[in-house]
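Everything on this sheet refers to the single structure shown next.
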2 protein chains.
Amino acid sequence: MSYKSTIKDVAFDAGVSIKTVSRVINNEPAVAKATKTLVLKSIKKLQFKPNKDAQGLRSKKSFLIGLLYDNPNKYYLSDVQSGSLKACSETNYNLVLQECKNNSANLITKVINFINLANLNGVILTPPLSDNNKLIQAIETLRIPISFIAPPNKSFEIWSSATDSDAAYALTNKIIAMGHSNIAIIKGHKDHSASKLRYQGFCKSLEEHGIKLNPTNELQGNFSFESGYKLADQVLKKKNRPTAIFCSNDSMAAGVIKYCYQKGISIPDQLSVTGFDDSMIAQEIWPSISTVRQPVEKMAEHAAKSLIAKIGGDDSKQNLTKTFKSELILRESLGKAPS
Amino acid sequence: MSYKSTIKDVAFDAGVSIKTVSRVINNEPAVAKATKTLVLKSIKKLQFKPNKDAQGLRSKKSFLIGLLYDNPNKYYLSDVQSGSLKACSETNYNLVLQECKNNSANLITKVINFINLANLNGVILTPPLSDNNKLIQAIETLRIPISFIAPPNKSFEIWSSATDSDAAYALTNKIIAMGHSNIAIIKGHKDHSASKLRYQGFCKSLEEHGIKLNPTNELQGNFSFESGYKLADQVLKKKNRPTAIFCSNDSMAAGVIKYCYQKGISIPDQLSVTGFDDSMIAQEIWPSISTVRQPVEKMAEHAAKSLIAKIGGDDSKQNLTKTFKSELILRESLGKAPS
DNA sequence: CTGAAAGCGCTTACAG
DNA sequence: CTGAAAGCGCTTACAG
């Protein structure tokens, strides 16, 4: 590897002290303009990059933020990552990953150890970890900022949120507009706050249209393909079976679709199905799934950016909380109610 | 945050010098057993974790390895990550991610800058980056080890490889055993060496069975759903259309399946389709796709483990190269040839 | 088998 | 607006 220049080299080249170079690196105000220009020139000339370990050792900062997740959906994760990475690449910070099992007994120990060992300066929490109060409290004792990818919560300082309830409401309105009134819902995993919000939006739409939700049309899924398949079997065997099923994510919708193929139920002619998340399968399956797309990558970018701003103490220009609008994606799986 | 103990605290508690503690931390051999026990006890008692920045600053190591990828497939990426993370979590190392565009003009500059800035001690390269010779050469000038997730290559010291050719061969044998002889292939993205290997395995099987590949049955895809759909249109419109299509990945197989639905071609009765990768869609689509599963997570774990061993100079006990067997997954999309 | 000293490349705390 | 000194928590290089 080519020789790496240090702060000393720059100081010598610019004819100033290392402290002045340090001031320039850290954008401290008390530097004469001419001096700054001089130093900047030397930095460029010598291709100087501050050594992070040295900076970290002295200043107690690691310039590392953690992304904690319980692999909810690989597409979701990938988008969260891309967004976080994008925010990091504009700064000095790096992203470190940790997969966690939300329900494992040693979750908290493991997370705390990880944060301490890697000396993380802040963490991003994704669902369902962002709904796990015990975990949150444990991390808070470490006195590092937490950025939540989660519904708005006024007891949190930093969050990036989607509009799950509103989107579910809008999608359900669409279903009803197609003439459906006997509508079932397959709810999402109980540990995810998004499940509840999607359910609420769904119910709100029904209520406003004067449609009563039949209790046998309310099904508890867990976001898995298998749960969608199994619950389809349960609800479609009923005498007065629904003409539309609102699935709380795309995998469960895919499960319903598979069941229908096997039983010869034609989609959307005999049954309409909707999903949520706009994961890849929603596009690649046939019939393609009507669903909701959330700007996950943008949300994650905001989450990382806010976290870094907070760590740097420079959070004046950055809104630490933001809600991101969702988009309805209408595809083949939603059609008119059979007459 | 609770007080963090340092090497000094441990030394004082154990009644030895900090150098001896350092020896214990780093598993250096020249320590008396009794001393070691004593120190280990103090370490545990004080919950001492060595400060990485200090270690890094002095030893010039960052304990950071990079995972470079050109988001080929989100599922693939997620598995690679999980495996790498697993290997890291057993060590002092952390994983840092970087998404790269294999075809972007400034790829090399970007990667080199990233490695230097983050002070990475080694990198893992995934396809198609692991097939990009210019990039590889540029990284080599940095004198850090590279771990390849790629086909065996004797000019590389560290690699983790799948058996793309063998698996494609076995899958094609299976197709032929079902009575097919008019078989088309949709090839993968040209920049991926796996595409060529899968094609080779396919051809080898055909040859051994005395089947000649009709040139119009050889189609150039790019791993995308859209390319599968488009090429299905091209090849299935032919007069003497194939009874089976070997798709070089699952997304392209999904594209073929969608086309068939729309044209009323029944799978597998009128057409058999196979995929590659066993991505989630292979399971969740209907008909589910016969495909090849590669132990991507295990491969990535090996890749990271080998890289870390190499960095630590302790690569004696670790095989730096390994080939991982694939598994045939037979599902609904492959059936007997129509008579 | 063990330790005292020096120093990695920065930032902190202080002085002027 | 600028700098000299000290020190972060380790490992290196050396000595015994």
Side-chain angles (χ1 to χ4, degrees), chain A residues 1 3-40 42-43 46-64 92 116-119 121 311-313, chain B residues 1 3-40 42-43 46-64 92-93 116-119 121 311-314:
Chain A
M1 193 172 358
Y3 174 74
K4 267 189 193 163
S5 49
T6 71
I7 196 169
K8 270 191 188 166
D9 303 320
V10 176
F12 180 81
D13 188 79
V16 298
S17 72
I18 61 166
K19 177 60 211 172
T20 296
V21 178
S22 172
R23 285 196 179 92
V24 173
I25 300 169
N26 294 291
N27 258 314
E28 286 175 33
V31 184
K33 224 169 187 176
T35 313
K36 189 168 179 177
T37 311
L38 218 61
V39 171
L40 249 20
S42 295
I43 288 179
L46 301 175
Q47 294 201 54
F48 169 68
K49 311 256 183 333
N51 178 307
K52 270 192 191 157
D53 285 329
Q55 289 182 310
L57 178 58
R58 199 60 186 89
S59 68
K60 307 281 181 197
K61 296 208 308 197
S62 66
F63 297 95
L64 249 31
N92 265 322
N116 279 330
L117 193 59
N119 192 18
N121 293 146
I311 293 170
Chain B
M1 194 167 2
Y3 175 73
K4 268 189 193 164
S5 49
T6 71
I7 197 170
K8 270 191 189 169
D9 303 320
V10 176
F12 180 81
D13 187 80
V16 298
S17 73
I18 61 167
K19 176 60 214 175
T20 295
V21 178
S22 171
R23 285 198 178 89
V24 173
I25 299 168
N26 294 291
N27 259 315
E28 287 175 34
V31 184
K33 227 174 187 173
T35 312
K36 189 168 180 176
T37 313
L38 219 61
V39 171
L40 248 20
S42 295
I43 287 179
L46 301 175
Q47 295 201 52
F48 169 68
K49 311 258 180 349
N51 178 306
K52 269 190 193 160
D53 285 328
Q55 289 182 311
L57 178 58
R58 199 59 186 90
S59 67
K60 307 280 179 199
K61 296 206 312 196
S62 67
F63 298 96
L64 249 30
N92 265 323
Y93 285 76
N116 279 331
L117 194 60
N119 192 18
N121 294 146
I311 293 169
D314 182 30

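Just so it is clear, the values below take in all heavy atoms, side chains as well, and ignore hydrogens, waters and symmetry mates. Proteins come first, then strands; the chains are lettered A, B, ... in the order of their sequence lines, and each starts at number 1.
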Which pairs would a plain distance check flag for residues 57-64 of chain A, meaning a side-chain donor or acceptor within less than 3.5 Å of a matching protein atom at least two apart in sequence or in another chain?
from, atom 1, to, atom 2, distance (Å)
A/Ser59, OG, A/Gln55, O, 2.5
A/Ser59, OG, A/Lys61, N, 3.4
A/Ser62, OG, A/Leu64, N, 3.2
A/Ser62, OG, A/Asn119, O, 2.4
A/Ser62, OG, A/Asn121, OD1, 3.2

**Shortest non-hydrogen separation from A/Phe48 to A/Ile25 and the atoms involved** =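 Closest approach of A/Phe48 to A/Ile25: CE2-CD1, 3.5 Å.
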**Request:** Could you tell me the separation between the CG atom of B/Asn51 and the NZ atom of B/Lys4, rounded to the nearest 0.5 Å?
**Result:**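 Here the interatomic distance stands at 7.5 Å.
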**Prompt:** How long is the gap from CG on A/Asp9 to CD1 on A/Ile43, to the nearest 0.5 Å?
**Reply:**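 A/Asp9 CG to A/Ile43 CD1: 11.5 Å, rounded to 0.5 Å.
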Review item, side-chain donor-acceptor pairs of residues 10-21 of chain B, under 3.5 Å, at least two apart:
from, atom 1, to, atom 2, distance (Å)
B/Asp13, OD1, B/Lys45, NZ, 2.8
B/Asp13, OD2, B/Ser42, OG, 2.6
B/Ser17, OG, B/Lys19, N, 3.4
B/Ser17, OG, B/Thr20, N, 3.3
B/Ser17, OG, B/Thr20, OG1, 3.4

Tabulate below the donor-acceptor pairs under 3.5 Å that side-chain atoms of residues 27-34 of chain A make, not counting sequence neighbours, or state none.
none

**Item:** Close residues, residues 19-38 of chain A, relative to DNA chain C [heavy-atom separation under 4.0 Å]
**Value:**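 Residues of residues 19-38 of chain A that come under 4.0 Å of DNA chain C are, in numerical order, A/Lys19, A/Ser22, A/Asn26.
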Tabulate protein N/O versus nucleotide N/O from nucleotides 6-9 of chain D, keeping only pairs under 3.5 Å, one per line.
from, atom 1, to, atom 2, distance (Å)
D/dG7, N2, A/Arg58, NE, 2.5
D/dG7, N3, A/Arg58, NE, 3.0
D/dC8, O3', A/Lys60, NZ, 3.0
D/dG9, OP1, A/Lys60, NZ, 3.0

**Prompt:** If the P atom of C/dC1 is compared with that of D/dA13, how far apart are they to the nearest Å?
**Reply:**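 Comparing P positions in C/dC1 and D/dA13 gives a spacing of 22 Å.
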**Prompt:** Pairs counted as Watson-Crick or G-U wobble with both distances under 3.5 Å: what dot-bracket string results for DNA chain D, using | for bases tied to another strand?
**Reply:** |||.||||||||.|||
